[in-house]
Amino acid sequence: MHFSQIVIPAVALLSGTAQAIPTGDLFTRQSRPDNHTLNRERADAVKASFKFAWDGYKTYAFPNDELHPVSNGFSNSRNGWGASAVDAFSTALVMQIPDIVDTILEFILTINFDETADQVSLFETTIRYLGGMLSGYDFLKGPLANLNSNDTATDLVLKQAERLANNLAFAFDTPTGIPSNNLIFNPQGTDGSTTNGIATIGTLVLEWVHLSDLSGNKTYGELAEKGESYLLAPKPASSEPWPGLIGTNVDINTGLFQDASGGWVGGDDSFYEYLLKMYVYDSTRYGHYKDRWVLAADSSIEHLASNPSTRPELTFLAEFDGQKKIFESQHLACFDGGSFILGGLVLKEQKYIDFGLALVNGCHDTYVSTLTGIGPEVFRWVEKNTAANDTDNPPPPADEAAFYEKAGFYITNGNYNLRPEVIESFYYAYRATGDQTYRDWAWNAFVAIRDNCMVGSGFAELNDVNKVKGGGYNDFQESFLFAEVLKYAYLIHAPDNVWQVEHNGKNEWVFNTEAHPFKVWGPPI
Ligand SMILES: *[C@@H]1O[C@H](CO)[C@@H](O)[C@H](O)[C@H]1NC(C)=O
Ligand SMILES: *[C@@H]1O[C@H](CO)[C@@H](O)[C@H](O)[C@H]1NC(C)=O
Ligand SMILES: *[C@@H]1O[C@H](CO)[C@@H](O)[C@H](O)[C@H]1NC(C)=O
Ligand SMILES: *[C@@H]1O[C@H](CO)[C@@H](O)[C@H](O)[C@H]1NC(C)=O
């Protein structure tokens with residue numbers, strides 16, 4: 001593994017032989033053992049799929065939010081601001097497709113972020129629209145300036161991001177500063193909910209702090225940090241069943257947690273992801289976020305790691321309700337392997353990399369065990385050390401028993417919603433180790449998605465990953481197909497570049513949870 005090489009110069013420095021080492025060379029891209037060269041055939045195939053889906057969207061759906069690929073229709077589930085176009089921006093940039101970049105750049109300036117007929121999700125709007133615009137701005141002002149056809153227009157992208165954030169900012173106007181998630185624009189209001197969840201509260205800070213850093217207006221970052229502060233010091237104490245692992249719902253009027261249940265699953269997931277990524281973004285300002293990630297990571301290894309009874313060599317992370325464990329996980333949770341690997345690289349802790357690779361291996365098995373080669377939305381297993389009379393950990397239903405015997409998990413929701421997390425974690429595993437196996441896994445996953453989901457003018461969701469052809473389509477193409485699935489599938493086969501995750505932990509870029517890369521703000525770690 002490449003990881004061991006970062007240990008050598010540290011030892012050399014301590015023993016006073018630093019002079020003998022050419023400055024920084026062991027850390028630089030030029031001198032790394034090169035397992036990150038272009039696989040042109042695969043990269044081109046992923047790019048071709050991106051262009052195919054873009055053409056379908058452009059022809060039948062643009063500038064609406066998303067394409068219905070089977071019927072060549074469209075819908076506006078994200079306020080009608082062109083979610084697929086904004087989400088495709090940073091992927092068109094890293095794939096370096098000038099005409100698509102120009103189309104999206106011009107389009108962004110025309111979006112009317114002041115108006116929408118529908119409820120606005122603070123979280124979804126932040127990760128897709130703010131994230132997409134800030135990433136495009138970073139690339140066009142930085143390493144992809146060669147694709148910046150109109151610098152005046154690029155400056156206006158940042159203005160659009162500020163305009164959108166100004167329209168969203170009233171969400172934080174609550175007694176505690178914890179934001180409401182579901183907003184109404186005209187007249188300003190909310191859906192009336194008195195609680196918000198840790199994923200939707202805790203997955204704003206990277207985007208809003210970056211907007212502050214780029215614009216010079218400190219308010220954005222301060223608003224998001226204030227909401228986050230309640231998650232960094234959760235109250236009451238019972239809402240933190242193990243150090244760093246916390247409940248899900250928080251009262252926006254009191255700041256008190258309402259429960260002690262959670263995990264690395266949907267509703268909680270990217271809260272944990274951002275604790276670490278804030279430290280990658282700026283280690284000087286966000287050391288205390290990293291400390292919370294370390295607590296959560298260590299508690300997860302100690303308490304949530306679980307091996308299924310029929311395949312004890314597999315590792316999954318359980319959910320929890322207090323200290324009671326629930327042996328269930330999700331496609332969404334499969335970002336966890338990537339998060340542990342990134343943590344290991346950045347903190348130079350081999351144990352996190354090893355544990356992350358074990359999680360990656362488990363999620364890979366959820367893919368290769370099904371008929372389509374794609375993993376399910378939700379799955380369960382029986383923990384290996386379970387007493388037969390343990391009613392909290394029941395055996396699978398009879399019609400799932402044979403599948404469970406072989407696979408080590410059984411499917412409780414077989415949908416595939418064009419989610420990226422498994423390929424995302426393959427990407428981190430590959431960047432960390434250089435092991436070509438992870439490239440092959442990502443390629444096989446991409447081919448399975450292409451074979452099963454590509455239909456009509458784009459890619460559709462599947463009803464059941466364990467039926468022939470996915471058991472039929474759901475006629476909907478999520479915008480994150482562009483932002484995430486095709487980006488990670490491409491980048492793992494693309495050559496080294498500054499925006500790629502670094503095996504030596506010295507990242508110049510960090511990906512938001514929608515896979516929009518941001519330029520790191522702080523000094524190298
Ligand atoms: C650049 O973009 C600005 C802002 O949209 C526009 O006014 C201007 O005409 C564009 N310039 C060119 C050369 O297209
Ligand atoms: C800074 O952002 C806040 C929050 O959206 C906004 O109210 C304020 O007007 C902005 N300040 C400037 C100078 O743009
Ligand atoms: C389960 O069985 C064990 C003995 O095998 C016993 O000690 C334990 O109390 C039982 N638990 C329940 C919930 O019945
Ligand atoms: C890196 O690539 C070389 C061939 O280019 C191969 O021999 C080596 O096994 C690879 N290393 C890993 C960790 O996969």
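When a ligand or atom number is given, it counts from 1 through the structure's own listing order. Heads up: numbering here begins at 1 and tracks the sequence. All values below were derived from every heavy atom in this structure, side-chain atoms included, with hydrogens, water molecules and symmetry-related copies excluded.
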Answer yes when K277 and E273 have at least one side-chain N-carboxylate O distance shorter than 4.0 Å, and no when they do not.
-> yes
Can a protein heavy atom be found under 4.0 Å away from atom 5 (O) of ligand 2?
-> yes
N/O of N166 under 3.5 Å from N/O of ligand 2, yes or no?
-> yes
Report yes or no: do S90 and K487 form a side-chain donor-acceptor pair below 3.5 Å?
-> yes
Test ring pair (Phe, Tyr, Trp, His ring centres under 6.0 Å) on W81 and F113 and set out the steps.
-> CA-CA 7 Å; W81 294 325; F113 284 121; 5.1 Å; yes
Electrostatic pair R128-E478, nearest N-O below 4.0 angstrom = yes
Note: K159-E162 ion pair, threshold 4.0 Å (strictly below) | yes
Taking atom 14 (O) of ligand 1 as the reference point, the nearest protein heavy atom with its distance | N150 ND2, 3.6 Å
Options N167, T219, N217, ranked by nearest heavy atom to atom 11 (N) of ligand 2, top entry = N217
Under-4.0 Å protein heavy-atom contact, atom 2 (O) of ligand 1 = yes
Ligand-residue contact atoms, ligand 1 with L156, heavy atoms, under 4.0 Å | 4 (C)
